[in-house]
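Remarks on the structure that follows.
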Amino acid sequence: MKYLTALFVSFTILLFGLNQTGHAQHSNWALALHGGAGTISQDLPDSIKQQYYDGLEAALSVGEKVLKDGGSALDAVEMTVRALEDNPLFNAGRGAVYTSEGKHELDAAIMDGSTLAAGAITGVTTVKNPITLARKVMTDSRHIFFSGEGAEEFADQTGVDRVENSYFDTQRRYEQWQRAQEQSHLKLPSEFKYGTVGAVALDQDGKLAAATSTGGMTNKQFGRVGDVPIIGSGTFANHVAAISATGWGEQIMRNVSANTIANYKEFTGVSLEEAMNFVLTERLNPGDAGFIGVDSEGNISMQMNTTGMFRGSVDSKGNRTVMIWQNE
Ligand code: ASP
């Protein structure tokens, strides 16, 4: 009888310990995304505001489904970023900004916190979803970082969709670029500089991942590489945290910002929030940047020293937010 009871108890534990996909249940999953930080006017018409909220919500739901169903953090961040790349509102993929030559050059990176595997691309002009190519670099090559033509050839080898550069044209970015061209580059107000998309996630297996994708900065010089594809600057994930940045790329790069946040947390034992705040206040200047991050316990932090950052988050504890400014 004792044996039968023990058997019954173990069977029940086993049954409840597995979720529908057969994974051992891990208590937490969490996802955060951003659609760029910068000077975002509070006077944005309600209809435009709503479009941003809807775009963020839609992308959030894509990643949320992956994580809820027991999928990987890597799949969640790639799918979330793809959804943002396909939305012309955001400066990545379809809505990418114009370079000084009036073209589009895209950068992207993805990183697997559980293995430190990473993939990045820069200066691609014909890849529809740069984040998917970055992931292919990570999984299908011996390398981490491809640029320009080599990256595009690699896209053909791995079956990643390519499009004409004009696919990335949008009227809004075109007008922004025209206004930017009329001004000296150094004096550009930050509204011209910023915009990028990114996602970070913790999955049910306790693995972290980060992904970032961008058209870069409006009117950027031909060949300019930003922080986004530089592993450790705009994109980083390890066993401690996954971070994605947005803002003035040169400043983010100088301070190796995403990696500094993860290291500061690891080496001092402070919370993710405090580590992010350290970089924003002690390393960067007001108006420079915004970050989203998630740590190995599923704590999410989304902070910026700009007036706004398009962002959202959702987790297994039932929290869900979509915001643009500090409290809205
Ligand atoms: N960080 C990006 C870059 O410098 C731009 C941005 O996030 O808005 O390319």
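One-based numbering, in listed order, for ligands and for the atoms of each. Small disclaimer: the values here were computed from a predicted structure and weren't measured.
Scanning D227, V197, V228 for the heavy atom closest to atom 3 (C) of ligand 1 points to D227.
The stretch residues 115-124 participates, sequence neighbours left out, in these side chain to side chain donor-acceptor pair (under 3.5 Å) pairs: D107-T122, D112-T115. Sorted by first then second residue, the ring pair (Phe, Tyr, Trp, His ring centres under 6.0 Å) pairs that include residues 44-77, not counting sequence neighbours, are Y52-F90, Y52-F310.
If you chain together hydrophobic residues whose side chains sit under 4.5 Å apart, V163 and V124 fall into the same group. Hydrophobic cluster membership is shared by V270 and F291, with clusters built from Ile, Leu, Val, Met, Phe, Trp and Tyr side chains linked at under 4.5 angstrom.
Not a single N or O atom of T214, backbone or side chain, sits closer than 3.5 Å to an N or O atom of ligand 1. Note: no N/O pair closer than 3.5 Å links I252 and ligand 1 by distance alone. Residue R224 places at least one N or O, backbone or side chain, under 3.5 Å from an N or O of ligand 1. Residue G247 places at least one N or O, backbone or side chain, under 3.5 Å from an N or O of ligand 1. Looking at ligand 1, you won't find any N or O of W248 less than 3.5 Å from one of its N or O atoms.
Every atom of ligand 1 is numbered from 1 in the order shown, and the set under 4.0 Å from a heavy atom of T246 is 6 (C), 7 (O), 8 (O). Those atoms of ligand 1 that come under 4.0 Å of a heavy atom in M217, given as number and element, are 4 (O).
Aromatic ring pairs are classed by plane angle as parallel below 30°, tilted from 30° to 60° and perpendicular above 60°; the pair F146 and F154 is parallel.
Taking the ring axis of F278 as reference, the NZ or CZ atom of R283 does not stay both within 45° of it and closer than 6.0 Å to the ring centre.
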